[in-house]
Amino acid sequence: MSFGIEFLPNMEVGKIVDYACMAEENGFENVWVTDHYNNRNVYATLAMTASKTEKIKLGPGVTNPYQIHPAVTASAVATINEISNGRATLGMGPGDKTTLKKLGLEMEKPVKRLKESIEVIRSMWNGKPIKYDGDFFKIDGAKMDFKAGDIPVYIGAQGPVMLKTAGMIGDGALINASNPKDFEFSIPKCKEGMKEAGKEKFDIVAYTCFSIDEDSEKAKNAARIVVGFIAAGSPDLVFERHGIDLESVNKIRDALGKFDFGTLKKAVNDDMLTAFSICGSPDECMDKIEALYKTGVTQIVAGSPVGPKMADSIKMIGEEIIGK
Ligand code: F42
């Protein structure tokens, strides 16, 4: 099992760089930086992080093919690979529907568009002039003028078709989930794709909502808002899978609609924390990680909020989880 950490550039880039250095010192192997137009730019954040770290791998987690043309993504990630001496990874997903909508972008045929964009990106990385005639992208002789190197591609996936596609064309899947039940559903889908592609090596990444503290209640409290957002956006089939009653979910949705975070925090119950996060004391977190490992998860990403205090939590994960 390897460990990664997610950073949202909703804080100053310098802070992310400091935390990334701390993560590197504490045994994390991957940094994933989220991509949303309203935050600091993902590649500026990755470039600064790359220049201050030495061995941790790093990449967008995840960018999308609606806002950014694949040729631009190919060049941006190759630049990070050059700055970091070969440590870049690319995480790509279809994008966040609500965010895309605000920009007037429709999420049309996400799987097809993602597949095409990854084909274009890999061809660009090959360094030869490309001709590509897809439904979404038409390329006529474009070529990258510097060497990209070998860069792994991870796909952000939750739906069955996207998970299978990740297995077919990706080096790994970034699966936004924290509970073994979700991986009992997702991993076989990835495996279907791997089998079709005749592939054996594949990184199954649990991209989790994580919160750790010596005081279990403090850790759980810190996770409540993120868990509330996840619950509010989840489909009914996920609630059935985890035995969560819809009445409590509707309370959360109401509270979110009114920006009433106090009520939201109270409405997030223990079933939801179990379904949608890894949170609690180091022992509690370790138990969940072991259960995820048994399902076939190969990387845990400690995602938002990581813990009540980011720096303390990074150290605690290093000492009490990775180092054990
Ligand atoms: N989104 C962001 O915008 N920024 C981020 O930083 C970010 C990080 C992130 C990290 C991990 C992760 O797992 C997701 C993350 N996301 C982020 C969200 C990500 O971009 C996606 O929104 C999320 O992964 C949802 O993906 P999904 O697998 O649920 O895919 C959706 C789009 C879906 O509907 N999938 C269906 C499925 O079954 O998989 C697709 C159905 C299908 O086959 N569609 C056909 C096609 O070609 O697309 C078309 C069918 C037709 O005829 O229309």
Side-chain angles (χ1 to χ4, degrees), residues 4-11 16 30-46 58-68 73 76-77 89-103 105-119 134-137 153-179 182-183 185-190 192-193 203-210 226 229-230 233-238 241 276-277 292 297 299-304 306:
I5 187 160
E6 173 205 52
F7 292 116
L8 267 70
N10 58 0
M11 58 179 119
I16 294 182
N30 282 81
V31 161
W32 298 100
V33 177
T34 61
D35 184 10
H36 293 100
Y37 75 90
N38 50 322
N39 285 337
R40 278 81 173 170
N41 179 266
V42 60
Y43 296 108
T45 307
L46 287 165
L58 67 178
V62 300
T63 190
N64 71 74
Y66 289 94
Q67 272 172 262
I68 307 179
T73 300
V77 176
T89 54
L90 165 62
M92 268 217 126
D96 175 45
K97 217 178 221 167
T98 339
T99 313
L100 292 179
K101 215 169 174 193
K102 285 193 181 134
L103 299 174
L105 297 166
E106 275 302 318
M107 195 192 271
E108 197 195 342
K109 296 210 168 181
V111 176
K112 180 85 171 68
R113 191 169 175 118
L114 192 78
K115 269 169 106 170
E116 285 192 10
S117 71
I118 290 174
E119 280 167 11
D135 291 351
F136 296 101
F137 300 106
V153 177
Y154 285 69
I155 294 175
Q158 266 74 245
V161 184
M162 198 64 88
L163 287 160
K164 183 176 172 192
T165 306
M168 282 175 78
I169 64 170
D171 297 291
L174 302 173
I175 304 170
N176 223 330
S178 310
N179 189 286
D182 297 307
F183 290 92
F185 163 82
S186 323
I187 294 177
K189 302 284 172 214
C190 294
E192 273 177 42
D203 202 4
I204 301 273
V205 185
Y207 206 98
T208 72
C209 161
F210 199 102
V226 180
F229 270 99
I230 300 172
S234 295
D236 288 358
L237 118 138
V238 171
R241 189 184 295 158
F276 301 125
S277 71
L292 288 168
V297 169
Q299 183 183 154
I300 299 280
V301 173
S304 244
V306 184

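Whatever order the structure lists ligands and atoms in, that order sets their numbers, starting from 1. What you see is a predicted model; the values in this text were computed from it and never measured.
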Numbered atoms and elements of ligand 1 in range of Gly156, under 4.0 angstrom, heavy atoms
13 (O), 24 (O)
Measure Glu6 to ligand 1 on non-hydrogen atoms and call it side chain, backbone, both or neither using the 4.0 Å cut-off.
neither
How about Asp203 and Gln299: does a side-chain donor come under 3.5 Å of a side-chain acceptor?
yes
With rounding to the nearest 0.5 Å, note down the distance linking CD1 in Ile5 to CZ in Phe210.
9.0 Å
From the candidates Val301, Val33, Thr208, Asn176, the one that places a heavy atom nearest atom 12 (C) of ligand 1:
Asn176
If you scan the protein for heavy atoms around atom 34 (O) of ligand 1, do you find one that is closer than 4.0 Å?
no
Heavy-atom nearest neighbour of atom 25 (C) of ligand 1 within options Arg113, Gln158, Lys112, Glu116
Gln158
Just go through Val111, Val205, Leu174, Asn39 and tell me whose heavy atom is the nearest to atom 44 (N) of ligand 1.
Val111
Any side-chain heavy-atom pair of Ser277 and Val226 under 4.5 Å:
no
Show me which atoms of ligand 1 lie under 4.0 Å from any heavy atom of Met107.
32 (C)
Numbered atoms of ligand 1 (with element) below 4.0 Å of His36, judged on heavy atoms
2 (C), 3 (O), 4 (N), 5 (C), 6 (O)
Polar contact flag for Lys97 and ligand 1 (N/O pairs, less than 3.5 Å):
no
Short question: side chain of Glu6, backbone of Ser304 - any donor-acceptor pair under 3.5 Å?
yes
Stepwise side chain to side chain contact (heavy atoms under 4.5 Å, CB included) check, Asp182 with Ile175
CA-CA 9 Å; Asp182 297 307; Ile175 304 170; over 6 Å; no
For a side chain to side chain contact (heavy atoms under 4.5 Å, CB included) check, start with the C-alpha distance between Thr165 and Leu114, then their side-chain angles and the critical distance, and finish with the verdict.
CA-CA 9 Å; Thr165 306; Leu114 192 78; 5.6 Å; no
Looking at Pro110, which atoms of ligand 1 are within less than 4.0 Å of one of its heavy atoms?
32 (C), 46 (C), 48 (O)
Are any non-hydrogen side-chain atoms of Cys190 and Leu163 less than 4.5 angstrom apart?
yes
First locate atom CD1 of Ile155, then atom CE of Met162, and finally report the distance between them rounded to the nearest 0.5 Å.
8.0 Å
Distance in Å, Ile16 CD1 paired with Met11 CE, rounded so as to fall on 0.5 Å steps
5.0 Å
Side chain Tyr154, main chain Val205, donor-acceptor under 3.5 Å
no
So, 4.0 Å and heavy atoms of Thr99: is ligand 1 close enough to count as a contact?
no
Which option out of Leu8, Thr98, Val62, Asp96 puts a heavy atom nearest to atom 8 (C) of ligand 1?
Val62
Can you pull out the closest protein heavy atom to atom 20 (O) of ligand 1? Residue, atom name and distance to 0.1 Å, please.
Gly95 N, 2.7 Å
To check you understand the geometry: which heavy-atom pair defines the closest contact between Trp32 and Leu90, and what is its length?
CZ3-C, 4.5 Å
For ligand 1, which atoms, with element, lie under 4.0 Å from some heavy atom of Gly159?
27 (P), 28 (O), 29 (O), 37 (C), 38 (O), 39 (O)
Would a 4.5 Å heavy-atom cut-off, applied to side chains only, mark Asn39 and Thr45 as touching?
no
Donor-acceptor contact present, side-chain Glu116 to main-chain Gly134, <3.5 Å:
no
If the cut-off is 4.0 Å to any non-hydrogen atom of Thr34, which atoms of ligand 1 fall inside it?
6 (O)
Polar-atom distance check: Gly93 versus ligand 1, any N or O pair below 3.5 Å?
no
Given the protein's heavy atoms, is any one of them under 4.0 Å from atom 50 (C) of ligand 1?
no
If you have a sec, work out which protein heavy atom is nearest atom 26 (O) of ligand 1 and how many Å separate them, to one decimal?
Pro94 CG, 3.7 Å
Residue, atom and distance of the protein heavy atom nearest atom 52 (O) of ligand 1 read Lys109 CE, 4.1 Å
For the side chain of Tyr66 and the backbone of Lys97, is there at least one donor-acceptor N/O pair under 3.5 Å apart?
no
Give yes if a backbone or side-chain nitrogen or oxygen of Leu163 is under 3.5 Å from a nitrogen or oxygen of ligand 1, and no if not.
no
Hey, which atoms in ligand 1 end up nearer than 4.0 Å to a heavy atom of Met162?
28 (O), 30 (O), 37 (C), 39 (O)
Could you say whether the N/O atoms of Tyr207 and ligand 1 ever approach to under 3.5 Å?
no
For ligand 1, which atoms, with element, lie under 4.0 Å from some heavy atom of Ala157?
13 (O), 24 (O), 28 (O)
Does even one non-hydrogen atom of Glu108 get within less than 4.0 Å of ligand 1?
no
Provide, to 0.1 Å, the distance between atom 6 (O) of ligand 1 and the closest protein heavy atom, together with that atom's residue and name.
Asp35 N, 2.9 Å
Before accepting this row, confirm whether a basic side-chain N of the pair Lys109/Asp135 lies closer than 4.0 Å to the acidic partner's carboxylate O.
no
For ligand 1, which is the ligand I care about here, please tell me if Val161 has any N or O atom under 3.5 Å from one of the ligand's N or O atoms.
yes
